[in-house]
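Working notes for the structure below.
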There are 2 protein chains.
Amino acid sequence: MKCPECGCEESKVIDSRPTENKVRRRRECIQCGARFTTYEIIEEVPLMVIKKDHTIEPFDREKLVDRLCRATVKRPVSLETIENIVEEIAAELKNSLTREVTSDKIGEAVLRKLREVDEVAYVRFASVYRDFNDVDSFVKIISELKDKKV
Amino acid sequence: MKCPECGCEESKVIDSRPTENKVRRRRECIQCGARFTTYEIIEEVPLMVIKKDHTIEPFDREKLVDRLCRATVKRPVSLETIENIVEEIAAELKNSLTREVTSDKIGEAVLRKLREVDEVAYVRFASVYRDFNDVDSFVKIISELKDKKV
DNA sequence: GAATTGAACACTATATATTGTATTATATCA
DNA sequence: TGATATAATACAATATATAGTGTTCAATTC
């Protein structure tokens, strides 16, 4: 832990405050007396997604953005909104205390958010994600949408 | 420092290894016994650049990439190479033990890297950065280039 | 501009982290 | 595949960090 002022390797902790997911320490360089702040954070473990075919792959934020972009083509949903949704979901997953999530859980989370934002995109996303095979599936999800509104 | 497994707030350090600019700790949750790794890192203090007109502004990686892109238009220099150069310079600055650098120092560092990569881009960048006012300046820098090659 | 919030600072008793040495497992690279 | 580097594990003696309480300063917000 090189002192940012003089490069000396030795420093001592003069204050230490734990918070929910960090420890903030105030350090003082042994040599030059400079004070600086450090943060102790938990190592990022990549979040793994269990897909429907039981293969496992790391959670890919970009991929999710991509899928959402496709569901919102020609719909009044900004890229910013999409980024926010993905950001929120990533945060939820990060707090879920588990390093593995099924793609199902992610899909449902997306649907939950999307319903509030744009109903057409919601139906589109559901049709891809839930593998709609007939028109009835559309009818069903739309009537569910209407029910929830009442 | 919430345990990533059970969310418990209490953990103890079972190992601790300092390196040049990090401290890696191995922690064990008091409650569930889960083990996880943490890193203590020095807080990022934004690097300030002192410009020629003596104004100070934070170092902007993107801006530097931008300037390099302009100097390499139609030259066989990939964006990746540019990103690497900027990355290297940012790293050098970060290790320079000072929180303020003159834009001059940055400019010279860019030139140093650029000379190895593409001579045309090198001359172009120099002409902008060193405010060439006449053709002689070009002649001069080119002859310097040739000298260094020998 | 008053109120609120977060960080820096100080001091102290006590509990906890550190670091050397060493073995094993895992991942990366030629 | 064999070599090399990196991380995890264990153990023990000693030095060092922690957390409680409280004050001040600066930045942000109403």
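Order of the sequence lines sets the chain letters (A, B, ...), proteins ahead of strands, with each chain counted from 1.
- Straight-line distance from the CD1 atom of I14(B) to the C1' atom of dC11(D): 12 Å, rounded to whole Å.
- Taking atom CE of M1(A) as the reference point, atom P of dT16(D) lies 16 Å away to the nearest angstrom.
- Residue order along DNA chain D, read from the 5' end via each residue's closest nucleotide, puts E43(A) first among E43(A) and E10(B).
- In this structure, of dA17(C), dT9(D), dA8(C), it is dA17(C) that holds the atom nearest to the side chain of K12(B).
- Here the P atom of nucleotide dT18(C) and the CZ atom of R25(A) are 7 Å apart, to the nearest Å.
- Surrounding NZ of K52(B) are more than 12 heavy atoms belonging to other residues, nucleotides or ligands, all under 6.0 Å away.
- Atoms CZ (R27(A)) and P (dA17(D)) sit 6 Å apart, rounded to a whole Å.
- Remark: the R17(B) side chain and the dG20(C) base include a donor-acceptor N/O pair separated by less than 3.5 Å.
- OP1 or OP2 of dA8(D) has at least one side-chain nitrogen or oxygen of T37(B) nearer than 4.0 Å.
- Between R24(B) atom CZ and dA17(C) atom C1' there is a gap of 15 Å when expressed in whole angstrom units.
- At least one side-chain nitrogen or oxygen of R35(A) sits closer than 4.0 Å to the OP1 or OP2 atom of dA10(C).
- Counting all heavy atoms, side chain and backbone alike, V49(A) lies closest to T102(A) at CG1-C, 4.4 Å.
- The side chain of R26(A) contributes no N or O atom lying less than 4.0 Å from OP1 or OP2 of dA7(C).
- The one candidate from R25(B), K22(B), R24(B) that meets the salt bridge (Lys or Arg N to Asp or Glu O under 4.0 Å) condition with E40(B) is R25(B).
- Side-chain contact annotation: N84(B) with T81(B), donor-acceptor N/O pair under 3.5 Å absent.
- Remark on DNA chain C: of its neighbouring residues D15(A) and V13(B), the 5'-side contact belongs to D15(A), judged by nearest-heavy-atom nucleotide.
- To the nearest angstrom, C1' of dA19(D) lies 14 Å from CD of E9(B).
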